[in-house]
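Reading through the structure tokens given below for one structure.
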Amino acid sequence: MPYQNRSTAPRGARPGHRSFGGNNQGGQRRSSGGGGNRRGAYIHPSKFINKAVTKAEEVIYESKHEFMDFAFSPDLQHNIVEKGYKIPSAIQDQAIPLILDGRDVIGLANTGTGKTAAFILPIIEKIRGGQMFNSVLIMAPTRELAVQIDEQFREFSRGMRLFSALCVGGMNIERQIRDLRRRPHVIIGTPGRLKDLMKRRELKLDTVEYLVLDEADRMLDMGFINDIREIVDQTSRDRQTLFFSATITPTIQSLVNTFLRDPVEVSVRTSETAEHVEQDIIEARDKDHKLDTLVQMLGGEDFDKVLVFGETKFGVQRLSDHLEQNGFSSVAIHGNKSQSQRQRALKSFKENKVNIMVATDVAARGLDIPNVSHVINFDQPATYEDYVHRIGRTGRGGASGKAFTFVPMQNTQNRR
Ligand code: AMP
């Protein structure tokens with residue numbers, strides 16, 4: 001890798017960089033507080049450096065159950081086998097029996113923990129064979145996450161004659177109205193579109209018996225709190241509520257207090273993704289220097305599947321265009337692209353047709369993309385929490401991953 005010999009090379013390989021700050025261990029994970037103030041938080045560069053904890057030191061969760069132990073129908077068991085799941089993940093192991101028991105659950109879990117199946121599987125078991133329409137409502141912060149949940153629902157409920165309607169912004173609303181009129185069992189959507197459909201009197205929620213709020217902290221970050229309250233208000237009071245969030249802030253706690261009844265908390269935040277990801281900084285003088293360095297890095301041998309984060313929609317598009325001009329095929333996902341463009345881009349990255357994706361935080365939130373070898377923060381994230389989310393796209397499921405963050409040169413010299 002030619003860039004390693006330059007003064008801007010990642011510092012991880014140099015002896016002595018530990019004195020700079022060393023292992024961050026996730027101490028400031030809650031820096032954003034879940035509120036709307038996402039600008040201007042200075043993050044010391046030492047927070048972007050971490051020698052990955054070696055695999056031998058990892059504590060592997062020992063599941064108490066096998067999938068066969070859960071009271072699932074043979075159909076569902078069959079679909080789990082078909083999907084290739086062998087051992088329940090920690091959140092599945094702990095949450096599934098509680099959900100089957102009818103308890104409200106708070107799942108403290110981030111993406112990559114298997115939280116989707118942790119709620120989808122017991123819900124399928126509960127509604128299976130029934131004729132209850134609109135009985136499940138699943139809310140998620142982004143279209144992409146909602147699409148992923150819908151995909152998992154369809155795979156796990158195959159052959160059971162259970163139907164879902166996907167109600168997300170940026171997609172044709174008429175089609176969603178048609179789907180809702182067909183009386184689906186499960187509704188999966190983002191708060192804005194769900195509210196829109198409610199206003200048009202196309203969505204009635206008084207029959208909802210199972211309510212899932214996925215990535216609640218992200219939904220609040222995105223300003224959906226009032227929409228969420230209005231939507232949840234329309235659902236049955238006797239419902240079972242499952243609430244997933246990576247963090248518990250005071251606002252989240254107040255939602256939990258109003259929405260859930262005698263909940264059980266399951267926490268699988270473990271050591272979080274950050275510790276398993278080798279992290280380092282790259283010093284750069286200015287934007288051109290960053291662009292040059294990035295292009296050199298991408299030519300490196302082990303940069304197999306790279307997710308590059310930029311700050312703005314325009315910046316992300318420009319960066320993707322710049323990479324194209326330099327011979328690196330890439331896709332960009334950001335809010336200025338239509339939903340179908342975003343889906344197409346994501347698909348080609350997931351399927352390794354393109355091995356570089358440039359994204360904004362919002363567009364990449366919660367996405368499940370396997371085998372990302374490197375995350376590169378071309379622009380620094382607004383908060384440390386965003387940083388942990390970003391780098392959590394790599395090093396998943398025990399795979400090793402690396403994250404590099406560009407920092408201005410003077411920061412590393414003057415601001416220790
Ligand atoms: P999630 O955290 O729900 O986004 O899941 C992350 C990824 O892990 C997805 O690709 C899931 O299909 C996969 N996954 C979830 N649970 C299991 C399991 N028990 N065994 C194997 N893969 C799983």
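Read the numbers this way: they start at 1 and go in the same order the structure lists the ligands and their atoms. Residue numbers run from 1 in the order of the sequence given.
- One finds no salt bridge joining E66 and K86 here, because no Lys/Arg side-chain nitrogen approaches an Asp/Glu carboxylate oxygen to under 4.0 Å.
- Not a single N or O atom of K86, backbone or side chain, sits closer than 3.5 Å to an N or O atom of ligand 1.
- Residues meeting the side chain to side chain donor-acceptor pair (under 3.5 Å) test with K195, sequence neighbours left out: D227.
- Here Q148 has no heavy atoms under 4.0 Å from ligand 1, in either its backbone or its side chain.
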Sequence neighbours left out, cut at 3.5 Å: what donor-acceptor pairs do the side chains of residues 230-237 make with other protein atoms?
residue : atom : partner : partner atom : Å
T235    : OG1  : V232    : O            : 2.7
T235    : OG1  : R239    : NH1          : 3.0
S236    : OG   : D238    : N            : 3.0

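- In this structure, F48 has its ring center under 6.0 Å from that of Y387.
- Contacts of F67 with ligand 1, taken as heavy-atom pairs under 4.0 Å, involve the side chain alone.
- Near I87, the atoms of ligand 1 lying under 4.0 angstrom from a non-hydrogen atom of the residue are 18 (C), 19 (N), 20 (N).
- Considering each of P88, G114, A118, the one bringing a non-hydrogen atom nearest atom 1 (P) of ligand 1 is G114.
- Distances below 4.0 Å separate heavy atoms of T116 from the following atoms of ligand 1: 1 (P), 3 (O), 4 (O).
- Considering F72, F70, F156 as possible partners of Y85, the one that fulfils the ring-ring contact (aromatic ring centres under 6.0 Å, His included) test is F156.
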